Amino acid sequence: MPPISIAIDGYSSTGKSTLARRLARDLGYIYIDSGAMYRAVTYYALSNGLLDEESAHKPLLDSLDHIDLEFRKAADGQQAHIFLNCRDVEREIRTLEVSRYVSPVAALGPVRKKLVALQRGMGQRGGVVMDGRDIGTVVLPDAELKIFMTASPEIRAERRYDELRARGDQVSYAEVLENVRQRDHLDSTREISPLQQAEDALVVDNSQMTLEEQYGYVRELVNQVMAGIKKGRH
Ligand code: CDP
Ligand code: CDP
């Protein structure tokens, strides 16, 4: 059977990447973390002082051609990490500081244009699980399976807070919750490709689901889609 494409969209910290990574591993597909690409552009902008609200971030837009992004196996050989101009920045892009600036950067038309083109190129042959905000609506509108993940903001903030504390970041639960809420708002209300459920996406609310339950549920959906394709129903 030809490989399918799976699009996973949804709010911040709903478990999209954990799910997508495991699905890709089990199916032998590639995993593309589109959020990591927006985070890497934001990290580049912050590191080089390129954000300037007054000029609608012109310094960053003028520098987009100098940003090279790719996913490569990390030095430990386990997971693919994002490389920014040949440097592994997987850890640096996960800070709360990057989370604070990423939504305004991701709302910029030229940034989206560049990253969507790269993502489409990475997904063109199928056999891909991609997660983000506009994958089912814009990047891979023909994906055979589209999932839209949601969970309550408090639960998502708790999950992200635990993650940041575990890596040693000194953050408070209140500031993580505020960031989750702010990004929900900015990502859903921006003009270009806002976070929206695709018409043909299946909604998964995992507020009360463990990672294992969530995986089992979605894995079954994958099986159903694949069985439908075999029978010529898709
Ligand atoms: O992991 P988390 O859900 O916190 O966020 P992420 O997937 O790493 O994405 C970070 C930010 O990138 C989001 O809040 C969006 O502003 C932006 N993003 C986007 O606009 N479009 C995508 N396809 C993926 C991410
Ligand atoms: O990619 P996204 O921001 O949507 O979420 P993630 O990075 O996959 O998950 C955020 C955190 O929530 C991780 O530490 C997951 O282990 C945790 N999580 C959970 O505990 N239970 C779930 N049902 C989903 C995610």
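All ligand and atom numbering here is 1-based and tracks the order in the structure. These numbers come from a predicted model, not from an experiment. Below, each value reflects all heavy atoms present in this structure, side chains not excepted, and no hydrogens, waters or symmetry copies.
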*Asks:* For atom 7 (O) of ligand 1, which candidate among R133, K16, Q182, R159 provides the closest heavy atom?
*Replies:*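 Selected option, by shortest heavy-atom distance: R133.
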*Asks:* Does ligand 2 have any atom sitting under 4.0 Å from a heavy atom of R160?
*Replies:*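 R160 counts as a contact of ligand 2 under the 4.0 Å cut-off.
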*Asks:* Is the contact between M149 and ligand 1 made by the side chain, the backbone, both, or neither, using heavy atoms and a 4.0 Å cut-off?
*Replies:*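 M149 to ligand 1: no contact under 4.0 Å from either part.
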*Asks:* Give me the nearest non-hydrogen protein atom to atom 16 (O) of ligand 2 as residue plus atom name, then the distance to 0.1 Å.
*Replies:*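 In this structure, atom 16 (O) of ligand 2 has L211 CD1, 3.4 Å as its nearest protein heavy atom.
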*Asks:* Is there a polar contact between ligand 1 and D33, counting only N or O atoms under 3.5 Å apart?
*Replies:*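 It does not: no N or O of D33 is found under 3.5 Å from an N or O of ligand 1.
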*Asks:* Per the side chain to side chain contact (heavy atoms under 4.5 Å, CB included) rule, which among V176, L96, I155, V171 passes with R160?
*Replies:*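 Among the candidates, only V176 passes.
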*Asks:* Would you mind listing which atoms of ligand 1 come within a distance below 4.0 Å of any non-hydrogen atom of S103?
*Replies:*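 Under 4.0 Å from S103, ligand 1 has these atoms: 14 (O), 16 (O).
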*Asks:* Under the side-chain hydrogen bond (donor to acceptor under 3.5 Å, both in side chains) test, which residues partner E199, sequence neighbours left out?
*Replies:*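 None.
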*Asks:* Check whether any N or O atom of D187, backbone or side chain, sits under 3.5 Å from an N or O atom of ligand 1, and answer yes or no.
*Replies:*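 Looking only at distances, the answer is yes, because the N/O contact criterion of under 3.5 Å is met.
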*Asks:* Could you list the atoms of ligand 1 found under 4.0 angstrom from a heavy atom of R183?
*Replies:*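 Listed by number with element, the hits are 2 (P), 4 (O), 5 (O), 10 (C), 11 (C), 13 (C), 14 (O).
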*Asks:* Identify the closest protein heavy atom to atom 5 (O) of ligand 2: which residue and atom is it, and at what distance?
*Replies:*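 Going by distance alone, atom 5 (O) of ligand 2 is nearest to G15 N, 2.9 Å.
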*Asks:* Pairing donors with acceptors under 3.5 angstrom, does anything connect the side chains of H57 and D52?
*Replies:*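 D52 and H57 do not have a side-chain donor-acceptor pair below 3.5 Å.
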*Asks:* State plainly whether the residues D62 and K58 are in salt-bridge range, i.e. N to O under 4.0 Å.
*Replies:*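 Answer for the salt bridge query: yes.
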*Asks:* Atoms of ligand 1 less than 4.0 Å from A106 heavy atoms?
*Replies:*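 Taking each heavy atom of A106 in turn, ligand 1 has 16 (O), 17 (C), 20 (O) under 4.0 Å.
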*Asks:* May I ask you to check if R22 and Y215 form a cation-pi contact, with NZ or CZ under 6.0 angstrom from the six-membered ring centre and within 45° of the axis?
*Replies:*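 Yes, R22 lies over the aromatic ring of Y215.
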*Asks:* When you look for heavy atoms under 4.0 Å from ligand 1, do you find them on the side chain of M37, its backbone, both, or neither?
*Replies:*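 Answer for M37: neither.
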*Asks:* Are there over 12 heavy-atom neighbours, none belonging to Y101, within less than 6.0 Å of that residue's OH?
*Replies:*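 Atom OH in Y101 is not crowded, with 12 or fewer foreign heavy atoms closer than 6.0 Å.
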*Asks:* To the closest 0.5 Å, what do you measure between OH (Y43) and CD1 (I93)?
*Replies:*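 Here the rounded value is 10.0 Å.
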*Asks:* Going by distance only, is there an N or O of S13 that falls short of 3.5 Å from an N or O of ligand 1?
*Replies:*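 Yes, there is a polar N/O contact under 3.5 Å.
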*Asks:* Please list, in number order, the atoms of ligand 1 under 4.0 Å from a heavy atom of D134.
*Replies:*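 Selected atoms, number and element: 21 (N), 22 (C), 23 (N).
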*Asks:* Are any of the side-chain nitrogens in E97 or R100 under 4.0 Å away from the carboxylate oxygens of its partner?
*Replies:*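 Looking at E97 and R100, the cut-off is not met.
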*Asks:* What atoms in ligand 1 come closer than 4.0 Å to a heavy atom of S12?
*Replies:*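 Under 4.0 Å from S12, ligand 1 has these atoms: 3 (O), 4 (O).
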*Asks:* Consider every N or O of M209 and every N or O of ligand 2, then say whether any pair is closer than 3.5 Å.
*Replies:*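 Checking ligand 2 against M209, an N or O pair does fall under 3.5 Å apart.
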*Asks:* Tell me: protein heavy atom nearest atom 11 (C) of ligand 2, and distance?
*Replies:*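 It is E163 OE2, 3.4 Å.
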*Asks:* Using 4.0 Å as the upper bound for N to carboxylate O, is an ion pair formed by D9 and R133?
*Replies:*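 So R133 does not pair with D9 through a salt bridge.
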*Asks:* Evaluating non-hydrogen atoms only, which member of T150, V180, T18 is closest to atom 15 (C) of ligand 2?
*Replies:*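 The nearest heavy atom belongs to T18.
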*Asks:* Are R94 and D33 ion-paired here, with the side-chain N under 4.0 Å from a carboxylate O?
*Replies:*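 Salt bridge between R94 and D33, a charged N being under 4.0 Å from a carboxylate O: yes.
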*Asks:* Answer yes if the side chains of R183 and S103 hold a donor-acceptor pair under 3.5 Å, and no otherwise.
*Replies:*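 Their side chains do not contain a donor-acceptor pair, so the 3.5 Å distance test is not met.
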